[in-house]
Amino acid sequence: MLEVSNIRSNTAEIKNRLARRSNASYDALIDQILKLDDARKSTQSELDEILAKSNQLAGQIGVLYKSGKADEANDLKKQTSELKERSTELKETLQATERDLKECLYQVPNAPHTSVPKGSNETDNEVVREGGPEVTLSETALPHWDLADRYKLIDFELGVKITGAGFPVYTGKGAKLQRALINFFLNEATEAGYQEIIPPLLVNEASGIGTGQLPDKEGQMYHAAKDDLYLIPTAEVPLTNIYRDVILDEKDFPVMLCGYTPCFRREAGSYGKDVRGLNRLHQFDKVEIVQIVEPEDSYNVLEKMVAHVEELLQKLELPYRVLKLCGGDLGFASAMTYDMEVYSAAQKKWLEVSSISNFETFQSNRLKLRYKGADTKKPVLAHTLNGSALALPRILAALLENNQTETGINLPEILVPYAGFKTIEK
RNA sequence: GGAGGGAUGGGUGAGUGGCUGAAACCACAUGUUUGCUAAACAUGCGUACUUAGAAAUGGGUACCGGGGGUUCGAAUCCCCCUCCCUCCGCCA
């Protein structure tokens, strides 16, 4: 959620930045927000004046009663009834205005950073760089769902039986490989200075609002209705919400957290070839990294987080590329996002394995996540960032496909000690 | 799931209708004193909105888990909700 004060003092700039999203104009909504805020202010100050008067009268009445002048007190009481009527009215108006204002604010996405390329969809994303080895496979190379079946690594049918589509069952070396990847990712994050967290997998409504999944995108999350709890779509939600309603000290920066969790996504309405095998799941595993930093550091930190993920892909010996998302492809809460994709040689396409974003104050404004410094006398909103480091399924898909031979699958060097085996054979 | 108790500022905790934005203590910050550290003393120390001001700072309003009610006036009384604790039940 953007700050009204920011919208007010930088109206033109915010509008310009929002225009980078290019799918719609937010000008009218921004103007509406300013209008509502004006209304809010004037109602507020009229109300405050009346309340000040009431408080004053109440004080006088108290004194009069104490000194036994009940008659005079009763006279004053009469005066208060009128004020009370008016203040009740104003309170109602104020509540309505604040509700409308909030509703408008919830509809405005984050303002993209000025360096974000304009564009309407993923074809306009900017390839920043590519890396990793070049992989060429024979014509007989198999996609990962066939490999998973041949080497008994993942049983998709069994998942359907137990739960439904999109809930794979990992078996044998498939399961061990999952565990190896999780440990590898967590160790690398620890090495990089992130504190490891095991958070709850279900969160309450306030947490969903804090990171921006609610109120609009509840369709994306599984909801345990009886207890009104949501299954997390990413560890970002519980990890970032650790700092909801927190005022940090400057000295606490940078806050660096990582956590492995399963992630649950309803992903309604996706069918067909793009979602075969591991490409799109309702439940998958992911290690997430989160940072909370001072505003002036956040874009440096974003680059560092990208570098961290890039290093993971290099160590896994996967062909990858770094994309800078264009305005049209940018997530609702993000000011700038890099996507990391790995090349799946058998499917002959790029698979998104990580998304690393700077949310600036968009999340922290909702979270009321602030900090105090030596030269900030009032608390200031911190910047939040997060990224996948990494999401497992598509990494697994690329690993299986790119490293296949006629007789088996060779693991990259780095994973061998984690997995306890070098190759997967029949 | 059943019965009872509770929720106050960074922490402990006082406060049962007006003089309480809230005592006291601890923590923290600054200053004084003292070879250093420590101790002692002094002062300061919540958040949001708003208003005046260039700023320093001052004024107003709201906030004592959340929402609603009673009252001229609520941290204090009433109702609902949430969370925590104790006991019982169930259970990895």
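Naming: A, B, ... by sequence-line order, numbering from 1 per chain.
Nearest to the side chain of S45(A), among U50(B), A48(B), G46(B), sits U50(B).
Look at the C1' atom in both A48(B) and G21(B): the space between them is 14 Å, to the nearest Å. Comparing the P positions of A75(B) and G18(B) gives an interatomic distance of 10 Å, to the nearest angstrom.
Pairing for A3(B) is with U86(B), a Watson-Crick or G-U wobble pair whose two hydrogen-bonding atom distances lie under 3.5 Å. In this structure, A54(B) makes no Watson-Crick or G-U wobble pair, since no nucleotide meets both defining distances under 3.5 angstrom. Of all nucleotides present, none satisfies the Watson-Crick or G-U wobble test against G17(B) with each distance under 3.5 Å. In this structure, U71(B) makes no Watson-Crick or G-U wobble pair, since no nucleotide meets both defining distances under 3.5 angstrom. Nucleotide A42(B) is matched to U30(B) when pairs are restricted to Watson-Crick or G-U wobble geometry with both distances under 3.5 angstrom. Pair check for C25(B) finds G11(B); Watson-Crick or G-U wobble, both atom distances under 3.5 Å. Nucleotide A62(B): paired with U47(B) (Watson-Crick or G-U wobble, both distances less than 3.5 Å).
Backbone-only contact: K41(A) has heavy atoms under 4.0 Å from sugar-phosphate atoms and none from a base. Using a 4.0 Å heavy-atom criterion, one finds that K368(A) contacts no nucleic acid atom at all. If you check every strand for non-hydrogen atoms under 4.0 Å, Q95(A) touches sugar and phosphate atoms only.
One interatomic measurement links the two molecules: CG of N55(A) to C1' of U71(B), which rounds to 14 Å at whole-angstrom precision. In this structure, the CG atom of L83(A) is 11 Å from the P atom of G73(B), given to the nearest Å.
The nearest heavy atom of RNA chain B to V63(A) and to L51(A) marks one nucleotide each, and the one closer to the 5' end goes with V63(A). Where K53(A) and I247(A) meet RNA chain B, the nucleotide closest to each residue was compared, and I247(A) sits on the side nearer the 5' end.
P168(A) is listed as a side-chain neighbour of L281(A), based on a closest heavy-atom distance under 4.5 Å. Using a 4.5 Å cut-off on side-chain heavy atoms (C-beta onward), H383(A) and T361(A) make contact.
Under 4.0 angstrom from either OP1 or OP2 of G73(B) there lies at least one side-chain N or O belonging to K84(A). At least one side-chain nitrogen or oxygen of K378(A) sits closer than 4.0 Å to the OP1 or OP2 atom of C49(B). Taking only side-chain nitrogens and oxygens, R370(A) never comes nearer than 4.0 Å to OP1 or OP2 of U47(B).
Taking the ring centre of Y151(A) as origin, the terminal cationic atom of K173(A) falls outside the region bounded by 6.0 Å and 45° from the ring axis.
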Check the pair Q32(A) / Y26(A) against side chain to side chain donor-acceptor pair (under 3.5 Å), numbers first and verdict last.
-> CA-CA 10 Å; Q32(A) 173 76 358; Y26(A) 293 96; over 6 Å; no

Give the C-alpha distance, both sets of side-chain angles, the deciding distance and a yes or no for side-chain contact (heavy atoms from CB on, under 4.5 Å) between T211(A) and T384(A).
-> CA-CA 10 Å; T211(A) 33; T384(A) 63; over 6 Å; no

